[in-house]
> 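Questions regarding the structure given below will be posed in turn.
Just so we're clear, the structure is a prediction, and the values are computed from it rather than from any experiment. Both counts, for ligands and for their atoms, begin at 1 and track the order of listing.
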Amino acid sequence: METRTVNILGAPVAKLTMEETLGFLEAMLEKGKPGQIVTANAEILYKASRNPAYLSILRNAALVTADGSGALWASKYLGDPIAERVTGVDLFQALLPLAAEKKWSVYFLGAEQAVLDLMIHKIRGQYPELPIAGQRNGYFSRDEQQALAGEIHDSRARILFAAMGFPRQEEFIARYLEPMGVCVAIGVGGSFDVLAGKAPRAPDWFARHGLEWLYRLFKEPRRLKRTTALPKFIFAVRRQLKNKGI
Ligand code: UDP
């Protein structure tokens, strides 16, 4: 399944709309071909540009979507614009009713136990038909990873939603995609907190102006250090254009 991509700091970011992305995932699930989906924002793309092992995860993924206005801006700046954002949280919310309809079983991995329980309670109420294969909070040690991959395998889940923040979720998925036996494994960042109602989504005004990062910064000032990745990302993209590609 080939798809058009734009090279942002070495990572192939898909030029797909949300609807096309859902079609792509549906085809993957119908064919049963396992693949990793990365929903990449500026922080992820910048980290990948500095870390070859992380970049190779993005290069080997079945799909890297443009999660965030930074990625969208970069595609435009590089002269190959992506039509719209395909964020982890939107993709997650769009996949749930589709999975309920198609009877694709899902596994929820990540967030704190209370958040996970609350989110699953809400999802069960909203999509009673959705087959939930299993769940596990996102706080486990490296030594527990292999056993966890085995549990996910035994749950026979078709879709894994991993919400442990980056780069943890991408690294876990890349390492255990095959042994887990899932078809689609997707990193969805802080989405479980959003669905549980713990972390409010930025109001529309912020989203329309590409300022969700600013809203999150107001809400969680401890993110300040992470926000410094944004200007670094912008400089790196400018350098990419000047050097004509990476
Ligand atoms: N988290 C987790 N395991 C960890 C650290 C974090 O499951 O070891 C969860 C955390 O509870 C939150 C999500 O990962 O639900 C990270 O959210 P964040 O907003 O940091 O996502 P990012 O912006 O990094 O993708």
> Can you find a heavy atom in the side chain of Glu112 that is under 4.5 Å from one in the side chain of Phe192?
no
> What pairs with Phe206 under ring-ring contact (aromatic ring centres under 6.0 Å, His included), at least two apart in sequence or on another chain?
Tyr215
> Return the set of residues passing salt bridge (Lys or Arg N to Asp or Glu O under 4.0 Å) with Glu129 (not counting sequence neighbours), or none when no residue passes.
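Partners of Glu129 by the salt bridge (Lys or Arg N to Asp or Glu O under 4.0 Å) criterion, ordered by chain and then number, come out as Lys103.
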> Classify the ring geometry between Phe108 and Phe92 as parallel (under 30°), tilted (30 to 60°) or perpendicular (over 60°).
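If you compare the ring of Phe108 with that of Phe92, the planes turn out perpendicular.
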> Which protein residues come within less than 4.0 angstrom of ligand 1, counting heavy atoms only?
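Residues within 4.0 Å of ligand 1: Gly110, Ala111, Glu112, Gly138, Tyr139, Ala163, Met164, Gly165, Phe166, Arg168, Gly189, Gly190, Asp193, Arg216, Arg223, Arg226.
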> Mind checking side chain to side chain donor-acceptor pair (under 3.5 Å) for Thr17 and listing every partner two or more places apart, or none if nothing turns up?
Glu20
> Near Phe235 CZ, under 6.0 Å, is it more than 12 heavy atoms from other residues, nucleotides or ligands?
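At most 12 heavy atoms, drawn from other residues, nucleotides or ligands, come within 6.0 Å of this atom.
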